[in-house]
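Notes to accompany the following structure.
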Amino acid sequence: MRKIDQIYLDGQFVTPHGTELFPLYNPSTEERIGEVRLADETDARAAVAAAKRAFVSFSKTTKQERIAILNRLSASFTARLDDLKAAMVEEYGAVRGIVDGLLPLAPGMFDAAAKLVESYEFTKTRGTTTVVMEPLGVAAVITPWNLNIVFVAQKVANAIAAGTTVVVKPSELSAIQTQIMTEAFDAADVPAGVVNIVTGRGDVVGNVLTSHPDVAKVSFIGSTAVGQQIMRNAADTFKRLTLELGGKGPTILLDDADLSSAVPAALASGFLNNGQTCFAGTRILAPQSRLDEVHEAIESAMSAFKVGDPQDPTTGVGPVVSQQQFDRVQSYIRLGQEEGARLLSGGEGRPEGLDKGWFVKPTIFTGVTNQMRIAREEIFGPVLVVIPFEDDDEAISIANDTPYGLQAHVFSGDPERAQRVARQVEAGTVLINRIFSDPEAPFGGTKQSGIGREHSVYGLEANLEPRAITS
Ligand code: NAD
């Protein structure tokens with residue numbers, strides 16, 4: 001049993017004022033593997049005060065000083081990568097392919113930010129004006145459980161690059177991963193108070209951070225419902241916001257797509273990270289003229305998505321994160337059947353041979369209309385829908401008929417046609433014949449998928465505000 005009973009304040013591991021103990025589970029076995037002592041409102045306020053004190057000198061650091069910190073962070077995250085990977089498998093149930101492929105992005109965030117600081121002009125001239133890009137002030141970073149380490153690294157890297165100090169509130173469900181990550185921050189000798197980490201409940205610690213007058217910016221990744229709550233909280237003090245929220249991404253298979261590569265890619269996107277990915281393509285839009293072929297291609301591609309022990313390198317889909325998430329996903333599988341959709345694969349209950357662990361059968365519904373709730377609501381589990389369309393215009397109109405707009409995918413054999421369709425899809429990112437975005441490109445959502453962009457200069461400038469000095 002792991003016991004996590006300290007938070008990270010002002011460069012020190014300290015016992016929180018909060019006393020609530022929160023249990024931690026291994027989602028593959030349902031065993032209790034630890035507990036975390038949660039921070040409370042007093043701890044959240046102490047973290048903001050530490051970040052505010054540190055901001056006075058940190059905001060004046062030179063490019064070289066920030067680059068040196070970012071380089072040290074990259075090295076210390078790299079040194080702990082194996083521990084971080086092990087924790088992500090144990091506490092979250094991520095499969096080996098995900099941890100090996102995605103976790104190295106965390107140290108990479110610090111490398112990218114260091115490179116950006118080197119070339120970025122913090123002072124520019126526009127007409128007769130000197131424009132100074134000033135760090136915003138204390139930023140609150142609030143993250144979900146599905147890729148906690150990479151998200152925290154991304155947000156903190158941009159904040160440090162900008163000269164901003166942060167209070168991080170990671171998900172309660174990621175406490176073991178957070179503990180190792182915090183040790184990596186501590187080992188990098190970041191000036192005291194620049195990074196503070198308080199694991200606590202969203203409606204307690206999160207609530208203080210998003211309403212505190214000394215917090216200038218909230219950078220949030222999580223559900224659309226919580227994003228709305230944060231916007232309301234932040235309104236009183238006009239906090240700057242970056243909100244990366246939910247999605248219900250379309251994967252459009254145009255009728256000239258090579259289904260032998262497009263369908264496996266569509267499923268890999270939909271089932272990515274055990275189906276718990278905001279940018280997953282969870283609505284597969286298939287041409288009516290080739291619907292039978294799409295069904296056949298899905299059936300033959302399903303063998304790659306073996307469910308089971310995430311430690312096993314041949315596993316494609318691990319468990320979902322919690323009992324609550326398992327119940328929620330099961331309820332959507334029931335709902336799909338009640339709504340009249342037909343199961344092409346999967347269904348309710350655990351996969352054969354797995355009677356413990358929050359494992360869900362990778363499920364695909366066909367005969368789905370875009371008005372069904374399984375096509376409109378974010379399920380956040382390995383459950384996909386196939387929706388037929390007649391022509392490109394109808395595909396675009398179905399793709400856009402959603403409150404979300406995070407990431408979309410277009411598969412086609414004709415680059416010009418794919419571009420034409422991509423330009424009409426309402427989403428922050430549209431990928432053509434691929435499922436992973438370009439780290440140099442802006443990332444974020446339109447509509448109810450969020451506000452603002454991360455990555456490269458977009459992520460850096462989200463932590464800066466121009467000051468115009470005209471003489
Ligand atoms: P969530 O919204 O329930 O929680 C996210 C974080 O917000 C957690 O740390 C939680 O404790 C905190 N929180 C909860 N209530 C709060 C409140 N009232 N005030 C402040 N903070 C509060 O999301 P989750 O279930 O942890 O994660 C899954 C969701 O995250 C999905 O909707 C997914 O699409 C979204 N997500 C989006 C992106 C993106 O980049 N767009 C990336 C990953 C996940």
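Bear in mind that the values here come from a model prediction, so they are computed numbers and not experimental data. Numbering of ligands and ligand atoms starts at 1, following listing order.
For the residue pair Thr315/Asp309, the side-chain donor-acceptor check at 3.5 Å is not satisfied.
Note: Phe185 and Tyr8 fail the aromatic proximity criterion, with ring centroids not under 6.0 Å apart.
Note that Arg350 lies in the cation-pi zone of Phe326, set by a 6.0 Å cut-off to the ring centre and a 45° limit from the axis.
Within 4.0 Å of ligand 1, counting heavy atoms only, the contacting residues are Ile142, Thr143, Pro144, Trp145, Asn146, Phe151, Lys169, Pro170, Ser171, Glu172, Gly202, Gly206, Phe220, Ile221, Gly222, Ser223, Val226, Gln229, Ile230, Glu244, Leu245, Gly246, Cys278, Glu378, Phe380, Leu406, Phe443.
Other residues, nucleotides and ligands contribute at most 12 non-hydrogen atoms within 6.0 Å of the CD atom of Glu440. Within 6.0 Å of atom CZ in Arg80, more than 12 heavy atoms from other residues, nucleotides or ligands are found, so the atom counts as buried in its surroundings.
Asp43 and Leu9 make their closest contact through O-CD2, 4.3 Å (heavy atoms, listed as atom of the first residue, atom of the second, distance).
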